[in-house]
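Hydrogens, waters and symmetry mates are skipped; everything else that's a heavy atom, side chains included, is used. Note that the coordinates shown come from a computational prediction; the quantities given were computed from them, not determined experimentally. Lettering of chains follows the sequences in order, A, B, ..., and the numbering in each one begins at 1.
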Number of protein chains: 2
Amino acid sequence: MSVVVPGGPRRVPRATVGRLPVYLRALAALADQGVAVTSSRTLAAAAGVGSAQLRKDLSYLPAHGTPGVGYDVASLRQQLTGALGLTCQRRVVIVGVGHLGHALASYSGFAGTDFVVVGLVDADPRVVATTVAGLEVQPFERLAQVVKENGATIAVIATPQAVAQEVCDVVVAAGVTGVLNFAPRALRVPPAVDLRVVDLGSELQILAFHDRRRSDLSG
Amino acid sequence: MSVVVPGGPRRVPRATVGRLPVYLRALAALADQGVAVTSSRTLAAAAGVGSAQLRKDLSYLPAHGTPGVGYDVASLRQQLTGALGLTCQRRVVIVGVGHLGHALASYSGFAGTDFVVVGLVDADPRVVATTVAGLEVQPFERLAQVVKENGATIAVIATPQAVAQEVCDVVVAAGVTGVLNFAPRALRVPPAVDLRVVDLGSELQILAFHDRRRSDLSG
DNA sequence: TAGATTGTTAATCGATTAACAATC
DNA sequence: TAGATTGTTAATCGATTAACAATC
């Protein structure tokens, strides 16, 4: 049922997809300031990239600016919103309601207009049945049910690493198409499922790598 | 005072640096299982990458395996620990003690043996002077002092986006060499400062992009 | 020795950047 | 028109991958 427009939408490179949310945010800020038209130079600066890269990225979308003038903020915003699939709300289940899961459930960037947290699941009996961010935490046994009943398409894994793969298998079997993993362990998912990883410990170690080159005297 | 070994350490590519922590973690798991020697095939599988990529990555380090045998787990672990600069503990200051900052302060991946959280700072008078993860939260005015007094080299920014750049400027002026930004805003830092970004909202939007291609019928 | 696995090479692939003709 | 800015091309750069000679 896919519609192929002649000479139409090219495949959007992975690196470009990763920057679209940043552009969208910068556009929202400009719109809030009452800016109606902007240039690739201005928008790129706000997003922290080069103007050539911004124009290249936009060239993969049906978005178009006006040579000599720039881009209409409102319509470019709509284009990006559509490209990112934010026209309908995505439903998210968070598995693991420890400190991190708790924070994510309450995070405004997570529970905004584009995404809604529809389920919280934890294995700890002390956490189950408590209310977090307006939702009652469900036991692990109900995970598949929670995903299906609420039609969640995205699962956030914020559990200990030991159970992360098991959790992942359950949510994938239950039908989610995207997994965001915070557990410090490599997860296997079927090719059709999109997996993103946020590895907080690694981020610090990467910073330590660069720090090392300055402060360390040991060869 | 840098020691240049003839034919010695090449520049380690950015992408490789990003994978070293993952290898280190996989090695730790193997060591816990009592494995003494491993192959690039096994280790790569545990880390979720290809074996060719693992060997290529290790080729930038002075690490060496034995053809026909594999790698000694203990010594490869030491090599990676050294390469990442984890031989001495790095001191971390967390700015912004909301839900996320609170979670990070308590996160074991953050406050492990390699890193120690030495300061918590917040602007909210209701949060200042409370104790979180064993530390008293300091007021924003004391930020520069907290960084300097404790010799922090890494700052974690978990504040609202509106104040993130100001916080960043203060910690950089106070002498940190690495910044980990959780605020949804592009930050400017001097070239000598290493900046890493964790953009939680963007991660969900990127998942939505791929989800869109499945569920959306709109061209 | 025979079998296994490394370290490296060379080919491929994808991403970035600068430059500029086309356009308003 | 003159000045400005887009969209695209081509060149560069960096990362990945497969293959294999060297080595144990």
Side-chain angles (χ1 to χ4, degrees), chain A residues 5 7-23 26-27 30 35-73 75-76 79-80 83 186 191 206 209-210, chain B residues 5 7-20 22-23 26-27 30 35-73 75-76 79-80 83 186 191 197 206 209-210:
Chain A
V5 184
R10 291 136 284 192
R11 194 194 119 273
V12 183
R14 170 178 296 269
T16 295
V17 174
R19 284 185 294 266
L20 296 184
V22 180
Y23 300 153
L27 280 169
L30 287 174
V35 176
V37 176
T38 191
S39 66
S40 63
R41 206 157 174 278
T42 304
L43 183 55
V49 303
S51 69
Q53 182 157 83
L54 171 67
R55 291 198 302 277
K56 184 80 169 154
D57 284 338
L58 294 183
S59 75
Y60 297 105
L61 307 179
H64 282 284
T66 310
V69 178
Y71 299 88
D72 182 79
V73 170
S75 74
L76 184 54
Q79 290 276 2
L80 284 176
I206 294 167
F209 173 85
H210 294 283
Chain B
V5 184
R10 290 137 284 191
R11 194 194 121 273
V12 184
R14 168 177 298 270
T16 295
V17 174
R19 283 185 294 265
L20 297 184
V22 180
Y23 300 153
L27 280 169
L30 288 174
V35 177
V37 175
T38 190
S39 67
S40 63
R41 205 155 174 279
T42 304
L43 183 55
V49 303
S51 69
Q53 180 157 83
L54 172 67
R55 291 198 302 278
K56 183 78 170 155
D57 284 339
L58 294 183
S59 76
Y60 297 105
L61 306 179
H64 281 284
T66 310
V69 178
Y71 299 89
D72 182 79
V73 171
S75 74
L76 185 54
Q79 288 277 1
L80 284 176
V197 177
I206 293 166
F209 174 84
H210 294 283

State, with a plain yes or no, whether a side-chain heavy atom of A:Val22 is found less than 4.5 Å away from one of A:Val49. no
What's the spacing between A:Leu80 CG and A:Arg19 CZ if we round to 0.5 Å? 12.5 Å
Can you see which heavy atom on A:Asp57 is nearest to which on A:Thr16, and at what distance? OD1-OG1, 2.6 Å
If we only count heavy atoms from C-beta on, is the A:Arg55 to A:Ser51 side-chain gap below 4.5 Å? yes
So which of residues 45-58 of chain B are in contact with DNA chain C, with a heavy-atom cut-off of under 4.0 Å? B:Arg55, B:Lys56
When rounded to the nearest 0.5 angstrom, what is the spacing between CG in B:Asp72 and NE2 in B:His64? 14.0 Å
Quick one: are B:Tyr23 and B:Leu76 in side-chain contact, heavy atoms under 4.5 Å? no
Could you tell me if the side chain of B:Leu58 sits less than 4.5 Å from the side chain of B:Tyr71, heavy atoms only? yes
Tell me whether B:Arg41 at atom CZ has more than 12 heavy atoms from other residues, nucleotides or ligands lying less than 6.0 Å away. no
Please work out if A:Ser40 contacts a base, only the sugar-phosphate, or nothing of the nucleic acid, heavy-atom cut-off 4.0 Å. sugar-phosphate
Can you give me the dot-bracket string for DNA chain C, 5' to 3', counting Watson-Crick and G-U wobble pairs with both distances under 3.5 Å, using [ ] for crossing pairs and | for partners on another strand? ..||||||||||||||||||||||
Across the strands shown, which category fits A:Arg41 at heavy-atom distances under 4.0 angstrom: base, sugar-phosphate, nothing? nothing
Nearest-nucleotide 5' precedence on DNA chain C, B:Gly68 against A:Pro13: B:Gly68
When you list every nucleotide of DNA chain C with an atom under 4.0 Å from a heavy atom of chain B, which one comes first 5' to 3', and which comes last? C:dA4 to C:dT9
Would you mind reporting whether B:Leu61 and B:Leu20 have side-chain heavy atoms less than 4.5 Å apart? yes
Hey, could you give me the OG/CG distance between B:Ser39 and B:Leu54, rounded to the nearest 0.5 Å? 9.0 Å
